[in-house]
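One-based numbering along the sequence shown.
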Amino acid sequence: MASRLATRNWHHDWLLGWRDVASAVDERTVISSVIPRTAVGDKYLLAFSDCGIWLLQANLSAFVLDFVARQKFAGTAFKYYLIKQLPVLSPSAYDEPACWLGTAPAGWIRQRVLELSYTAWDMEAFARDQGDGRPPFLWDEERRTLIRAELDAAFFHLYGLDRDEVEHVMD
């Protein structure tokens, strides 16, 4: 595993990927997460990026992106070619101040992704790479639901959807 990751110049102690197996009964089609560096099988597909991995993690988990994924998806396997067709925002989309936030959203998103991802010591390397030296966040289901809703709302803004379009996607 280490030699294969080295060919990608990946020297982090964590991985970002998504679950290949998808189902219409799941809450989301694209189920992505950051996991500790370990061997993975062919049903957990990996993404490598040097540009704000937390932004990619948040974008892959956004409700609006999942809406598009459900339009493209037919079957049970969510392969690389499908991910490549999704309208993932470019890293520069997070640099401009957002009117709803008053500042660029990258740091705001990073903090929320960190809180959702860093809930156990085995993710300490991910937190450290994101500039956080605190202990893991406590798992609080109510707080996690609120953070996911905040991120979904932020991505509706980042994608430029108006109220009617958001209602359509939510329905």
Side-chain angles (χ1 to χ4, degrees), residues 5 8-20 22 26-35 37 44-74 78-119 123 125-134 137 143-171:
L5 290 175
R8 293 193 172 269
N9 201 25
W10 192 257
H11 304 290
H12 302 286
D13 288 330
W14 48 269
L15 301 166
L16 170 65
W18 67 93
R19 194 176 81 170
D20 175 335
D26 289 335
E27 185 176 326
R28 300 279 171 110
T29 302
V30 179
I31 300 175
S32 69
S33 63
V34 178
I35 62 170
R37 184 175 175 148
Y44 189 79
L45 305 177
L46 299 175
F48 300 98
S49 174
D50 292 328
C51 299
I53 200 77
W54 69 91
L55 298 172
L56 181 56
Q57 165 62 22
N59 201 166
L60 289 174
S61 300
F63 195 95
V64 65
L65 187 102
D66 204 71
F67 173 80
V68 175
R70 285 190 185 263
Q71 309 311 307
K72 292 187 167 294
F73 180 69
F78 211 88
K79 299 291 187 190
Y80 285 107
Y81 74 93
L82 289 170
I83 287 287
K84 289 179 179 181
Q85 294 179 40
L86 296 179
V88 174
L89 297 173
S90 74
S92 64
Y94 306 95
D95 293 340
E96 294 298 317
C99 61
W100 49 272
L101 188 59
T103 186
W108 184 88
I109 291 170
R110 185 195 65 79
Q111 181 57 39
R112 280 151 182 79
V113 169
L114 187 62
E115 189 169 342
L116 291 171
S117 303
Y118 181 37
T119 58
M123 291 304 299
F126 176 71
R128 193 173 49 249
D129 284 353
Q130 307 315 314
D132 194 289
R134 294 177 286 188
F137 290 89
R143 172 93 176 126
R144 292 175 65 78
T145 299
L146 174 66
I147 292 170
R148 287 192 307 267
E150 288 177 343
L151 284 168
D152 284 333
F155 275 93
F156 283 131
H157 284 287
L158 289 168
Y159 276 91
L161 274 65
D162 64 28
R163 181 176 294 276
D164 290 339
E165 291 166 328
V166 170
E167 286 179 12
H168 174 74
V169 168
M170 295 297 291
D171 285 342

Roughly how far, to the nearest 0.5 Å, is CD1 of Ile35 from CG of Leu16? 9.0 Å
Sequence neighbours left out, what pairs pass side chain to side chain donor-acceptor pair (under 3.5 Å) with at least one residue falling in residues 9-18? Asn9-His11, His12-Asp129, Trp14-Asp129
With the side chain counted from C-beta on, respond yes when Val34 and Trp54 share a heavy-atom pair under 4.5 Å apart, and no when they do not. no
Taking the side chain from Tyr118 and the backbone from Phe126, do they hold a donor-acceptor pair closer than 3.5 Å? no
Residue list, salt bridge (Lys or Arg N to Asp or Glu O under 4.0 Å) with Arg110, at least two apart or on another chain: none
Between atom CG of Leu116 and atom CE of Met123, what is the distance when rounded to the nearest 0.5 Å? 11.5 Å
State the CG-CD1 distance between Asp20 and Ile31, to the nearest 0.5 angstrom. 11.5 Å
Over all atoms of both residues, closest heavy-atom pair of Tyr159 and Pro87: OH-O, 2.5 Å
Any chance you could measure Leu158, atom CG, to Ile109, atom CD1, to the nearest 0.5 Å? 5.5 Å
Would you be so kind as to tabulate the donor-acceptor pairs closer than 3.5 Å made by side chains of residues 92-106, with sequence neighbours excluded?
{"unit_1": "Ser92", "atom_1": "OG", "unit_2": "Ser90", "atom_2": "OG", "d": "2.9"}
{"unit_1": "Tyr94", "atom_1": "OH", "unit_2": "Asn59", "atom_2": "OD1", "d": "3.3"}

Suppose we screen for side chain to side chain donor-acceptor pair (under 3.5 Å). Which residues come up paired with Ser117, at least two apart in sequence or across chains? none
Quick one, Ile53 and Val113 - any side-chain contact, counting heavy atoms below 4.5 Å? no
List the residues meeting side chain to side chain donor-acceptor pair (under 3.5 Å) with Lys84, not counting sequence neighbours, and say none if there are none. none
Give a yes or no on whether a salt bridge exists between Arg70 and Asp66, defined as a side-chain N under 4.0 angstrom from a carboxylate O. yes
Taking the side chain as every heavy atom from C-beta outward, state whether Thr29 and Phe67 have any atom pair closer than 4.5 Å. no
Point-to-point distance, once rounded to the nearest 0.5 Å, from OG of Ser32 to CZ of Phe78: 10.5 Å
Could you give me the CA-CA distance, side-chain angles and deciding distance for Leu89 and Leu55, then say whether side chain to side chain contact (heavy atoms under 4.5 Å, CB included) is met? CA-CA 9 Å; Leu89 297 173; Leu55 298 172; over 6 Å; no
For residues 163-171, dump all side-chain donor-acceptor pairs below 3.5 Å to protein atoms at least two apart in sequence or in another chain.
{"unit_1": "Glu165", "atom_1": "OE1", "unit_2": "Asp162", "atom_2": "N", "d": "2.8"}

How close do Ser49 and Leu56 get, counting heavy atoms only, and between which atoms? CB-CD2, 4.3 Å
Where is the tightest heavy-atom contact between Tyr44 and Gly17, given as atom of each residue plus distance? OH-N, 3.1 Å
Whether Gln85 side chain and Tyr81 backbone form a donor-acceptor pair below 3.5 Å: yes
Atom pair NZ/CG of Lys72 and Leu86 - distance to nearest 0.5 Å: 7.0 Å
I'd like to know if the side chain of Tyr80 reaches the main chain of Leu45, judged simply by a donor and an acceptor atom lying under 3.5 Å from each other, with no hydrogens or angles considered. no
